[in-house]
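Everything quoted here is computed from the prediction, not taken from an experiment. Chain identifiers are assigned alphabetically (A, B, ...) following the order of the sequence lines, protein sequences preceding nucleic acid strands; residue numbering begins at 1 within each chain.
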Amino acid sequence: MESFLNKYRYSLILLRELVITEFKLRYQGSILGYLWSVMRPLFLFMIMYVVFVYFLQIGGDVPFWPVQLLLGIVLWNFFSEVTNNGVGSIVGRGDVIRKINFPKYVIVVASSISAFINLLINLVVIFIFMAVSGVELQWQILLAPLFILELFVFALGLALLLSALFVRIRDVNYIWEIIMQGLFYSSVVIYPITLVLAKGEFFGQLLLLNPVAQAIQDARYALISSDAITLVKLSGERWYLILIPISIVIITAIVGAYVFKKRSPTFAEDV
Amino acid sequence: MTKQKDNTSEVVLSVNNISKNFLLPHEKMVSIKSSIVNIFKPKDRTIEVQHALKDISFKIEKGEFFGILGRNGSGKSTLLKILAEIYQPTSGTIQKTGKLVPFIELGVGFNPELTGRENVYLNGALLGFSRAEIDEKYDDIVEFAELEEFMDQKLKNYSSGMQVRLAFSVATRSEADILLVDEVLAVGDADFQRKCYDYFKSLKKSGKTVIFVTHDMSAVREYCDRAILIKDGLIAHENTADVIANEYLKLFNENNSSSLSAVDTKRWGNGQVRVSNLDVDTSDDKISLSISIQSDKRGAENYVVGYKLYDSEGKLVMGGNNLNAKNGKKLFLEPDSKQDICFLINNVLGNGTFTLSTTARLGDGVTICDQWDNAAEIKVTKSESYYPIIAPADVSVD
């Protein structure tokens, strides 16, 4: 432990300072400040609720659907914040990278931690909504941190990969923008998965192989309703399907870290 | 200037055969069409290899003040970045013992939206200090920067001088074994520069190893024990600071073989008499100024011709006129006629570039007929090694 701390002392000091800085600067100059962390997803939730639940009448039969919708939005925002901020994070710190040598991954990790803090604040709001809606907590809530961790690892792996590629190939952020659009609509954020299952069980299984959709659906199960449909429930006999999203997460994290490590020595020249 | 060498001198930084190539892609996309056609043929793009450093090797001992000199584009900044591990060398290795802290630029990571206090912690973290460590040094840092009242203001409201003071103050607290300093002293007012030099003196006293990159030759002479001169990516010379500083100055002189060159001249006056021709001849012991004077139709009953020599920094070094010369005499000139005057001056100048200005005025001391600034440039490259601005010839020692 002692030697571990020594080895990563510089990284930890820097990480802490960068997270503090980022957090201070986040709502620099805005009057409501940190309230925006909570208000942004809330307003998005209100719009979605009016459009999809009130007018289009989607999700009426899903228990606590409004809260599930909000949880989905909050988790999706977290994922999109880590990856979108991650893409440009190395290039954005180019001035520092060109002047001093330090472990570059700290930049990406710091921006993801700052998004994570944001997520924690939002989760408090979710709990308030849950209490108001009369959601009863069950033992499954203990699983929730696991799924959030899964989402975090997946997003961080992608952020490392994208930020390293973006240094050389500036098309990356446009490509990612398009992929995010696709992911958003396929990650069962704004509609209940039951709508897809009505078209056939296969489509539901397919959607849940996406780690973001799987994590969001599992988090809904753990926090809000044990009736929420998860990949475990859907795969039934073919239990091995569960391994696919988990493998995607692990492989993404490993590839991301590897590419980043491989590329980082030349960041100063290329950035 | 001499360094006391003990037998236990220890190499703290050893640079072995460092080379660095940059790949510079040339994209010659003529039209949108051809760029679309070529998008999947990256081989069409020619890549030029730039050899920024070629096989650089040197060793630095503990406690040494080591200078790296070179003209712009010689590769010294690349070398510095490799030493600081910002760039990776293409080939070669660097071995070092102890902690190396680079000051390529002061105030790395400074954010204008943060307060002075917050920036101290952020900049400190980049230099490897934890919060607790900065807490300890904080009062010192603020005091040294003389910014007690401003620490809770945002950095964007600081003047640039205040920012530099704060950054330098943090930098001086870094506990490095080897310091890498890149011309950071070129900023700030006179008072601040004095502080910087005091800090340098203290570094030298405390036996820190310092690698110093600068264009300021007087600083090199004063502080450095040893230096290298980088030219076209190679070490052109490695020697004592004095010798290298001279070699560096020679780089600028050898390009111009003639001692007289027209520079940015400025000329004004009523033209009653004017310098029609000017010839400068410099030898190791004499400077002769041959000046031809031409009068217009007014002529001049009593006029004075003078010269002044300025050093490269624009300071007046010497001057005189026909009246105060050894065989001083008054000058007069008929209308529309010509006269030649020759000043013969002992060349007491040291190595360097000097500029000459000439003045022709009337005896009333007020009317300027021909003031010619930067009339000529005189380059002095004495065969012996370094002299300061003035190098008297006959100095005896008992």
If you take all heavy atoms of [X] and [Y], which pair is closest and at what distance?
X	Y	answer
A:Val96	B:Gly109	CG2-CA, 3.8 Å
A:Arg9	B:Gly128	NH1-O, 3.3 Å
B:Glu85	A:Asn101	O-CG, 3.2 Å
A:Lys99	B:Val108	CB-CG2, 3.6 Å

Quick one: does [X]'s side chain get under 4.5 Å of [Y]'s, heavy atoms only?
X	Y	value
B:Asn111	A:Gln28	no
A:Arg16	B:Ser130	no
B:Val101	A:Ile100	no

Please check if the number of heavy atoms outside [X] that lie under 6.0 Å from its [atom1] is greater than 12.
X	atom1	result
A:Tyr258	OH	no
A:Met46	CE	no
A:Tyr34	OH	yes
A:Arg40	CZ	no
A:Tyr49	OH	no
A:Lys261	NZ	no
A:Phe184	CZ	yes
A:Ile31	CD1	no

Please classify the contact of [X] with chain B as side chain, backbone, both or neither, using a heavy-atom distance under 4.5 Å.
X	answer
A:Leu12	neither
A:Lys24	side chain
A:Arg93	neither

Is there a side chain to side chain contact (heavy atoms under 4.5 Å, CB included) between A:Leu18 and B:Leu122? Walk through the geometry before answering. CA-CA 7 Å; A:Leu18 287 182; B:Leu122 182 60; 4.1 Å; yes

- Which bit of B:Phe129 is near chain A, if near means a heavy-atom gap under 4.5 Å: side chain, backbone, both or neither?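 Backbone only.
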
Subject >> Distance (rounded to the nearest 0.5 Å) between B:Gln88 CD and A:Thr266 OG1 >> reply: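 OG1 of A:Thr266 is found 8.5 Å from CD of B:Gln88.
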
Out of A:Leu25, A:Val106, A:Ile97, which one racks up the most heavy-atom pairs below 4.5 Å with chain B?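 So the answer, after comparing A:Leu25, A:Val106, A:Ile97, is A:Leu25.
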
Based on non-hydrogen pairs under 4.5 Å, which of B:Leu126, B:Leu127, B:Leu80 is most in contact with chain A?
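Answer, by heavy-atom pair count under 4.5 Å with chain A: B:Leu126.
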
Q: Mind running side chain to side chain contact (heavy atoms under 4.5 Å, CB included) on A:Glu17 and B:Ile134 for me, showing each step along the way?
A: CA-CA 12 Å; A:Glu17 231 27 76; B:Ile134 295 277; over 6 Å; no

